[in-house]
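Nothing here was measured: the structure is a model prediction, and the numbers come from that model.
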Amino acid sequence: MKECNVLIIGSGLAGSSAAYHLTRCGVRDVTVIERMSGEHYERYHRTCGEAISERMLSMADVPRGCIVRDVDTIRISCGDVDIDVPVEGHIIDRVRLLSDLRGGSDATFIKGTAESIRKDGQTYVVTCGGEEYRCRYLVGADGVFSAVRRNLFGHGPKLRFAAVNNIVEGDADTTVLHFIVSDQYPGAYRWDFPGKDGCRSVGYVNGTDDVTEYLEQGKRFIAVGRDGPAVKDGCCLVGDAAVLTNPVCSGGIGVALISGRKAAECIAKGDLSSYQRWVDRDRSFNPHFMKAQETFREWDADDYVDSVRPFRKGYSLFRGALAIFRRPKWANVYMSVWVAFRRGW
């Protein structure tokens with residue numbers, strides 16, 4: 001049996017961030033198990049919208065050489081109404097960021113799949129490729145279908161759906177993140193983001209739309225609606241495994257990086273309970289977001305048209321307050337959308 005101090009299952013953004021920050025905190029003897037490698041790993045991570053707010057990137061405290069371009073506007077389009085919200089953010093090269101995080105960590109990375117996971121006294125034992133690994137701390141960073149969450153926590157997301165992202169040719173010289181909402185995309189949207197190398201990222205929930213001409217296409221599952229703890233004894237969940245993606249804007253990059261950092265810092269202090277307190281108290285994970293998403297999912301075409309009517313002459317905080325006053329039944333939707341695009345990506 002091989003022994004280590006910290007074992008991380010999954011080396012996506014959350015797991016790689018945890019490994020990177022554990023090294024920065026002086027924690028040694030860290031092992032990371034990742035099932036994907038090579039082109040399969042890179043393709044999965046580059047077929048993504050790759051947008052992150054400056055606030056999230058700063059809080060994540062990760063290498064910034066991954067920034068491809070800056071963005072300054074979120075545009076929400078509904079019918080003939082465009083609502084432009086000023087923001088500060090970036091498009092990143094996600095594969096470059098993952099490489100930089102690995103390069104800044106002294107963890108041992110192993111290709112394999114966690115075949116069994118169990119608690120053994122005060123430690124955890126994970127079987128991978130016929131080998132057994134015993135660790136003091138276990139970090140579940142293994143995504144939407146987390147084996148760590150399933151085996152040790154026994155809860156799951158309230159909602160899980162597949163999203164398709166297409167890398168397409170086109171004018172990427174824009175600073176706008178474009179979201180199209182209508183009853184065609186119930187509870188979600190179609191997105192059109194600038195990318196790198198003269199391309200764009202166009203995506204939607206699987207089955208709601210289609211792009212026939214693309215350079216590359218990827219599908220990933222998104223889970224929203226946390227329904228249980230993120231910490232149990234010496235084990236914690238981060239990123240998608242912890243179901244931390246914002247239910248309204250589906251932003252997951254920033255929170256994956258930050259949760260990896262927070263978990264690493266708490267492990268370094270020997271106090272994972274403070275990580276749970278952060279998850280419970282941070283406004284980014286407020287249950288109101290999930291309630292708004294559920295309301296949003298039930299809207300019909302008339303609801304969409306009526307919801308944007310207060311913004312036909314442009315976006316402002318005053319018009320937002322007026323919309324809440326005149327449509328109190330959708331107050332939570334308005335507030336959740338505004339906060340999500342400020343804090344959730």
Side-chain angles (χ1 to χ4, degrees), residues 6-24 30 32-37 40-68 89-105 107 109 139-146 148-149 157 163 165 193 195-196 201 203 218-224 226 230 236-246 249-267 275 278-279 282 284-285 343-345:
V6 184
L7 181 63
I8 302 171
I9 300 182
S11 70
L13 291 171
S16 296
S17 174
Y20 175 81
H21 285 289
L22 284 167
T23 296
R24 297 185 75 188
V30 177
V32 182
I33 297 175
E34 169 58 50
R35 64 183 179 85
M36 293 190 290
S37 64
H40 183 201
Y41 177 84
E42 292 189 1
R43 183 176 183 275
Y44 176 81
H45 288 287
R46 69 173 172 259
T47 50
C48 166
E50 298 185 305
I52 182 172
S53 67
E54 170 58 29
R55 174 183 177 275
M56 286 284 201
L57 191 60
S58 295
M59 290 177 62
D61 192 20
V62 295
R64 300 175 72 92
C66 60
I67 295 175
V68 174
H90 313 280
I91 298 297
I92 63 168
D93 183 331
R94 181 166 167 160
V95 175
R96 165 71 185 275
L97 176 55
L98 286 165
S99 176
D100 289 346
L101 291 173
R102 283 196 178 203
S105 167
F109 288 81
V139 178
D142 48 341
V144 170
F145 298 97
S146 172
V148 177
R149 186 182 66 230
N165 189 83
F193 292 176
K196 51 184 178 288
S201 291
K219 181 186 293 186
R220 67 183 64 244
F221 282 86
I222 297 174
V224 295
R226 185 171 63 90
C236 67
L237 302 172
V238 294
D240 287 340
V243 196
L244 299 182
T245 295
N246 188 280
C249 68
S250 297
I253 292 177
V255 75
L257 294 170
I258 294 171
S259 62
R261 176 187 177 181
K262 291 284 187 180
E265 292 172 345
C266 294
I267 289 172
Y275 174 71
W278 170 71
V279 172
D282 195 283
S284 301
F285 316 124
R343 300 177 58 92
W345 63 285

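- With hydrogens and angles disregarded, a donor-acceptor distance shorter than 3.5 Å links the side chain of Arg261 to the backbone of Met59.
- Residues Arg35 and Asp142 are not in side-chain contact: their nearest non-hydrogen atoms beyond the backbone lie 4.5 Å or more apart.
- Contact check for Val238 versus Val139: side-chain heavy atoms found under the 4.5 Å cut-off.
- Looking at Met56 and Ile253, their side chains never come closer than 4.5 Å, going by heavy atoms from C-beta outward.
- Using a 3.5 Å distance cut-off with no hydrogens or angles, the side chains of Thr245 and Asp240 do pair a donor with an acceptor.
- Residues Val30 and Thr23 form no side-chain contact, since every pair of their non-hydrogen atoms from C-beta on lies 4.5 Å or further apart.
- For Arg343, the side-chain hydrogen bond (donor to acceptor under 3.5 Å, both in side chains) criterion is met by no residue, not counting sequence neighbours.
- Distance check: His90 NE2 to Ile52 CD1 gives 8.0 Å after rounding to the nearest 0.5 Å.
- No side-chain heavy atom of Asp100 sits less than 4.5 Å from a side-chain heavy atom of Tyr20.
- Looking at Arg94 and Glu42, no side-chain N of the basic residue comes within less than 4.0 Å of a carboxylate O on the acidic one, giving no salt bridge.
- Pairing each heavy atom of Ser146 with each of Leu237, the nearest pair is OG-CD2, 4.2 Å.
- The shortest non-hydrogen separation linking Leu13 to Ala256 is CB-CB, 4.0 Å.
- Annotation for Ser105 and Ala19: closest pair OG-O, 3.4 Å, computed over non-hydrogen atoms.
- There is no side-chain donor-acceptor pair under 3.5 Å between His21 and Glu265.
- Pairing each heavy atom of Pro157 with each of Arg149, the nearest pair is CD-NH2, 3.7 Å.
- Using a 4.5 Å heavy-atom threshold, the side chains of Ile258 and Trp278 count as touching.
- Here the CZ-CZ distance, from Phe285 to Arg226, works out to 8.0 Å after rounding to the nearest 0.5 Å.
- Leu101 contributes atom CG, which lies 5.5 Å from atom OG of Ser16 (distance to the nearest 0.5 angstrom).
- Using modelled atom types, one side-chain atom of Asn246 and one backbone atom of Cys249 make a donor-acceptor pair closer than 3.5 Å.
- Nearest heavy atom pair, residue Gly49 against residue Ile91, reads O-CD1, 4.0 Å.
- In this structure, the side chains of Ile222 and Val144 stay at 4.5 Å or more apart for every pair of heavy atoms.
- Judged purely by atom type and a 3.5 angstrom limit, Ser259 uses its side chain to pair as donor or acceptor with the backbone of Gly239.
- Looking at Thr47, its side chain does come within 3.5 Å of a backbone N or O of Arg43 through a donor-acceptor pair.
- Side-chain contact, Arg102 with Ser11: a donor N or O sits under 3.5 Å from an acceptor N or O.
- For the residue pair Val68 and Asp93, the shortest heavy atom distance occurs at CG2-N, 3.6 Å.
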Verdict with reasoning, Asp61 to Arg24, per side-chain contact (heavy atoms from CB on, under 4.5 Å): CA-CA 11 Å; Asp61 192 20; Arg24 297 185 75 188; 3.0 Å; yes

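- Within the cation-pi definition used here (under 6.0 Å to the ring centroid, within 45° of the axis), Arg220 qualifies as a partner of Tyr44.
- Using a 4.5 Å heavy-atom threshold, the side chains of Leu7 and Ile33 count as touching.
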